[in-house]
Participant: 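Structure provided below as structure tokens; questions to follow.
Here the structure is a predicted model, which is why all the values come from computation and not from measurement.
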Amino acid sequence: MQKLTTLDRMFSSLDSETTNGVLGGLVLYDPPQDGRRAADAGFMRERIAERIDYLPPLYREVKKAPLRMDHDWLGRAKRVDLTKHVRTLTLPAPGTHDQLAREVSRLMSTDLDMSGPPWDYIVIEGLEDGSVAHLLRVHHLVVDGGSMPRLWDALQDEPTMPLVKEDEPGFPEPRFGTPEMLVREAVGVAKRPVDWTLFSAKMAGWMVKAVKEQGVVGALLGPTRIMLPGKAAKPIQAAFNPMLRKRGTPEIVPYVPRLVAPKTPFNRRVTAQRTFVFADLPLADFKDSGKLIGASINDMVLGVCAGALRRYMTQRGISTDEPLIVCVPVSIRQPDEKIQWANFVHMIFAPFPVDIENPVERVRKSSEAVKLSKGSFDAMPTVHLREMFKFIPPPTFNLMVKAFVKLPGNWSRGTWNVVVSNVKGPSKPNHVDGLRVKGYWPASFLSIGGGINITLQSYTDRICFGIVGAPEQAGDLQPLVDALGEVLAETVAAVKASAPTPLVPRRETERTTPAPRARRPRATSQRARRTSS
């Protein structure tokens, strides 16, 4: 059994009348050849059954602490009914990709059954081109977005990552039911002071290491950065940043740029309905253009998303006079982490330059803002963040969500406007039942005041964008998808125009063989023609 933390519970707290914490992923496969049925629900049940022991997110269910005084557990379900979890859905004719997107929208608007393992797998048939679509939905309580590619990989014909049974510290399944769980809960509550003492010792060790690396001032400022929202940080920034800059220590950047994000029509309290749209763009355009201006793929993605959102907002008559606030999920998983299937994700927040028209400047501003926020975030004890959440009372986020849901729509804004999440996917084609995967499109969740989520995953030579929105707040999201391609093309062109012309090396013969004298008059005449023109 694996004990949950409040970090895990933060995502389950989103299960309200207007939101849920469900992560989704859409996969399209090539059409089966020779009219055979392939990768259908029957095949996927067999595939999952033979590999489920290696995939804890698919067999675990919540085991509640009887008195609700301690954190709940994830334990093995007595039975996983694959006929219930894996099912088939057939699109009506003609079966267009727009119809597929609408069906995924409907499915992502519904909650998962939390009485058993919280996941389902829908095989979607009836596409007009003969393709097969699969939609996997898993609750964020048991897995984070960075682990979704690993789940998909484990279901391929030839997984690229080894299938190993989880071997982690924890408690065995209770043999005596509720009485044993009561004892475990009592012990957990009683030993909390001891756990806090051990955790404090770890924090002291982190502080000693931080002092050696950053100096006393830098180390002391690290844990306090999270308590410096927006303008409140300016006096401390002015006092300490010059010194930190000289030392090469991450500068003080407010963890939250603003207490309340800028007001937009898509940042009111969301409703329960979801809209999903998807597209894919060439990875090379992001990669090659980024190299020309010293930007990473993620920098390019953020710049293009900011430009697409700017265009979407302009079309809807929404002001782009100031930057928005973007939420960027980051992994806090450590290389030596023993627990493999859990939430190791946190968020950083940064200004999102929808106010900048120049495509290259947008990329640079996006890169600068996120790097500063990431540097400030890394200066905090991120290695202990998950463990830190064990000491936050379990009901904390549930109470916060319930309060936000009851507030008027305009009061339900959070500290960010839009989520942009980038997940690294497979670099080589995958196959299921002999069918080649054409692409992976994430479908993420929405928070209470966030009406748009842009999540993307790389796959071979493409980047697959999945955008989820609340239709009443965000409206039609197809223009936002269209804008991604248009802004990418503009950005590529602008990068090529602004980047310095690369030097073209002369051929080896030109470097070693002197030019014959007979060519001199010809060169002079060429020079004269250039001058006259």
Participant: Salt-bridged, D40 to R37, with N to O below 4.0 Å?
Facilitator: yes
Participant: Check whether any side-chain heavy atom of T19 lies under 4.5 Å from a side-chain heavy atom of S447, and answer yes or no.
Facilitator: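 Side chain of T19 against side chain of S447, heavy atoms only: no contact under 4.5 Å found.
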Participant: Could you grab the distance from atom OG of S147 to atom CG of D153, nearest 0.5 Å is fine?
Facilitator: 12.0 Å
Participant: Which heavy atom of S109 sits nearest to which heavy atom of S105, and what is that distance?
Facilitator: OG-O, 2.8 Å
Participant: Would you call I48 and L82 a side-chain contact if the rule is heavy atoms closer than 4.5 Å?
Facilitator: yes
Participant: Working note: N430 + Y440, criterion side chain to side chain donor-acceptor pair (under 3.5 Å); need CA distance, chi angles, decisive distance, verdict.
Facilitator: CA-CA 10 Å; N430 285 332; Y440 294 89; 3.0 Å; yes
Participant: Do side-chain atoms of D34 reach the backbone of R36 as a donor and acceptor pair under 3.5 angstrom?
Facilitator: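 Checked: no pair found.
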Participant: Can you confirm whether or not the ring centre of H139 sits under 6.0 Å from the ring centre of F11?
Facilitator: no
Participant: Looking at side-chain heavy atoms only, is the closest gap between L151 and W341 below 4.5 Å?
Facilitator: yes
Participant: Please check if any side-chain donor atom of N422 sits under 3.5 Å from a side-chain acceptor atom of N298, or the reverse.
Facilitator: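 The answer is yes; a qualifying pair exists.
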Participant: Decide, yes or no, whether a salt bridge links K371 with D299 under the criterion of side-chain N to carboxylate O below 4.0 Å.
Facilitator: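 Salt bridge: yes.
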Participant: Is a side-chain donor or acceptor of D433 paired with a backbone partner of L435 at a separation under 3.5 angstrom?
Facilitator: no
Participant: Tell me whether R137 is salt-bridged to D111, with the criterion being a basic N under 4.0 Å from an acidic carboxylate O.
Facilitator: no
Participant: So which atom in P262 and which in N417 form the shortest heavy-atom distance, rounded to 0.1 Å?
Facilitator: O-ND2, 2.8 Å
Participant: Is the ring pair F266/Y312 parallel, tilted or perpendicular, if the boundaries are 30 and 60 degrees?
Facilitator: tilted
Participant: Would R9 and S12 count as having a side-chain donor-acceptor pair, cut-off 3.5 Å?
Facilitator: yes
Participant: Side chains of D81 and T83: any donor to acceptor distance under 3.5 Å?
Facilitator: yes
Participant: Identify whether the distance between the nearest side-chain nitrogen and carboxylate oxygen of R333 and D144 falls below 4.0 Å.
Facilitator: yes
Participant: Can you tell me how far the CG atom of L135 sits from the CE atom of M108, to the nearest 0.5 Å?
Facilitator: 7.0 Å
Participant: Under the criterion side chain to side chain contact (heavy atoms under 4.5 Å, CB included), which of I463, L309, D285, T491 is the partner of V304?
Facilitator: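 With V304 as partner, side chain to side chain contact (heavy atoms under 4.5 Å, CB included) holds for just one option, T491.
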Participant: Between N267 and G450, which heavy-atom pair has the shortest distance, and what is it?
Facilitator: ND2-CA, 3.9 Å
Participant: Do V123 and L89 come close enough that some side-chain heavy atom pair is under 4.5 Å?
Facilitator: no
Participant: How long is the span from the NZ atom in K424 to the OG atom in S331, to the nearest 0.5 Å?
Facilitator: 13.0 Å
Participant: Can you check whether F389's main-chain N or O pairs, donor with acceptor, with T6's side chain at less than 3.5 Å?
Facilitator: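 The answer is yes, because a donor-acceptor pair under 3.5 Å joins these two groups.
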Participant: Could you check if a side-chain atom of V270 sits within less than 4.5 angstrom of a side-chain atom of Q473, using non-hydrogen atoms only?
Facilitator: yes
Participant: Please walk me through it: do D355 and T320 pass side chain to side chain donor-acceptor pair (under 3.5 Å)?
Facilitator: CA-CA 5 Å; D355 56 322; T320 58; over 6 Å; no
Participant: Within a 6.0 Å radius of atom NZ on K438, are there more than 12 heavy atoms belonging to other residues, nucleotides or ligands?
Facilitator: yes
Participant: Under a plain distance cut-off of 3.5 Å, with no hydrogens placed, do S319 and D321 share a side-chain donor-acceptor pair?
Facilitator: yes
Participant: Which pair of heavy atoms, one from L28 and one from L100, lies closest together, and at what distance?
Facilitator: CD2-CD2, 4.0 Å
Participant: If we ignore hydrogens and angles and just use 3.5 Å, is the side chain of S289 paired with the main-chain N or O of F286 as donor and acceptor?
Facilitator: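 Answer holds: no.
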Participant: Are M388 and L7 close enough, and set up right, to give a side-chain contact (heavy atoms from CB on, under 4.5 Å), and what steps lead you there?
Facilitator: CA-CA 9 Å; M388 190 184 302; L7 178 60; over 6 Å; no
Participant: Working to the nearest 0.5 angstrom, can you tell me the gap between S131 OG and Y29 OH?
Facilitator: 12.0 Å
Participant: Would V301 and L456 count as a side-chain contact (heavy atoms from CB on, under 4.5 Å) here? Give the steps.
Facilitator: CA-CA 9 Å; V301 163; L456 53 133; 3.7 Å; yes
Participant: Taking the basic N atoms (NZ, or NE/NH1/NH2) and the acidic carboxylate oxygens, is any pair closer than 4.0 Å for D113 and K84?
Facilitator: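 Answer for the salt bridge query: yes.
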Participant: Rounded to the nearest 0.5 Å, what's the gap from CG on L480 to CD1 on I454? Could you check?
Facilitator: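 These two atoms lie 5.0 Å from each other.
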Participant: D15 and N20: side chain to side chain donor-acceptor pair (under 3.5 Å), yes or no, with the steps?
Facilitator: CA-CA 4 Å; D15 293 339; N20 63 49; 5.8 Å; no
Participant: Give a yes or no on this: more than 12 heavy atoms of other residues, nucleotides or ligands lie within 6.0 Å of atom CD of Q315.
Facilitator: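 Atom CD in Q315 is crowded, with more than 12 foreign heavy atoms closer than 6.0 Å.
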Participant: Looking at side-chain heavy atoms only, is the closest gap between T460 and L283 below 4.5 Å?
Facilitator: no
Participant: Does a side chain donor of either T455 or N453 reach within less than 3.5 Å of an acceptor in the other side chain?
Facilitator: yes
Participant: When you measure from the side chain of R462 to the backbone of D280, do you find a donor-acceptor pair of N or O atoms at a distance under 3.5 Å?
Facilitator: yes
Participant: Kindly state whether the ring of Y121 and the ring of H85 have centres lying under 6.0 angstrom apart.
Facilitator: no
Participant: Between Q156 and V437, is a side-chain contact (heavy atoms from CB on, under 4.5 Å) present by the stated rule, with each step listed?
Facilitator: CA-CA 9 Å; Q156 306 308 309; V437 174; 3.9 Å; yes
Participant: Look at the side chain of S367 and the backbone N and O of R364, then say whether any donor-acceptor pair between them is shorter than 3.5 Å.
Facilitator: no
Participant: Quick one: does E103's side chain have a donor or acceptor within less than 3.5 Å of a partner on Q99's backbone?
Facilitator: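 It does not hold such a pair.
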Participant: side-chain contact (heavy atoms from CB on, under 4.5 Å), that's the test. Do T264 and L324 meet it? Break it down for me.
Facilitator: CA-CA 9 Å; T264 75; L324 299 183; 3.9 Å; yes
Participant: Counting only N and O atoms by type, is there a donor-acceptor contact under 3.5 Å from the side chain of D8 to the main-chain atoms of V142?
Facilitator: no
Participant: Kindly indicate whether the side chain of T160, heavy atoms from C-beta on, has any atom under 4.5 Å from the side chain of K428.
Facilitator: no
Participant: Can you name the nearest heavy-atom pair linking L446 to V468, along with the distance?
Facilitator: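 Heavy atoms only, the tightest pair is CD2-O, 3.7 Å.
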Participant: What distance separates L292 CG from K287 NZ, expressed to the nearest 0.5 Å?
Facilitator: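 L292 CG to K287 NZ: 13.0 Å, rounded to 0.5 Å.
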Participant: Do R436 and D157 meet the salt-bridge criterion of a basic N to acidic O distance under 4.0 Å?
Facilitator: no
Participant: Could you point out which residue of V330, V326, L372 forms a side chain to side chain contact (heavy atoms under 4.5 Å, CB included) with I348?
Facilitator: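 Only one of V330, V326, L372 forms a side chain to side chain contact (heavy atoms under 4.5 Å, CB included) with I348, namely V330.
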Participant: Would you find a donor on one side and an acceptor on the other, under 3.5 Å apart, between the side chain of W441 and the backbone of A279?
Facilitator: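 Answer holds: yes.
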Participant: When E490 is tested against each of K496, R310, R311, R362 for salt bridge (Lys or Arg N to Asp or Glu O under 4.0 Å), which residue passes?
Facilitator: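 So, applying the salt bridge (Lys or Arg N to Asp or Glu O under 4.0 Å) to E490 and each of K496, R310, R311, R362, only R311 qualifies.
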Participant: Could you report the tightest heavy-atom contact between V132 and A39, atom names first, then the distance?
Facilitator: CG1-O, 4.1 Å
Participant: Taking C-beta and beyond as the side chain, do R386 and T5 meet within less than 4.5 Å on heavy atoms?
Facilitator: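 Yes, their side chains come closer than 4.5 Å.
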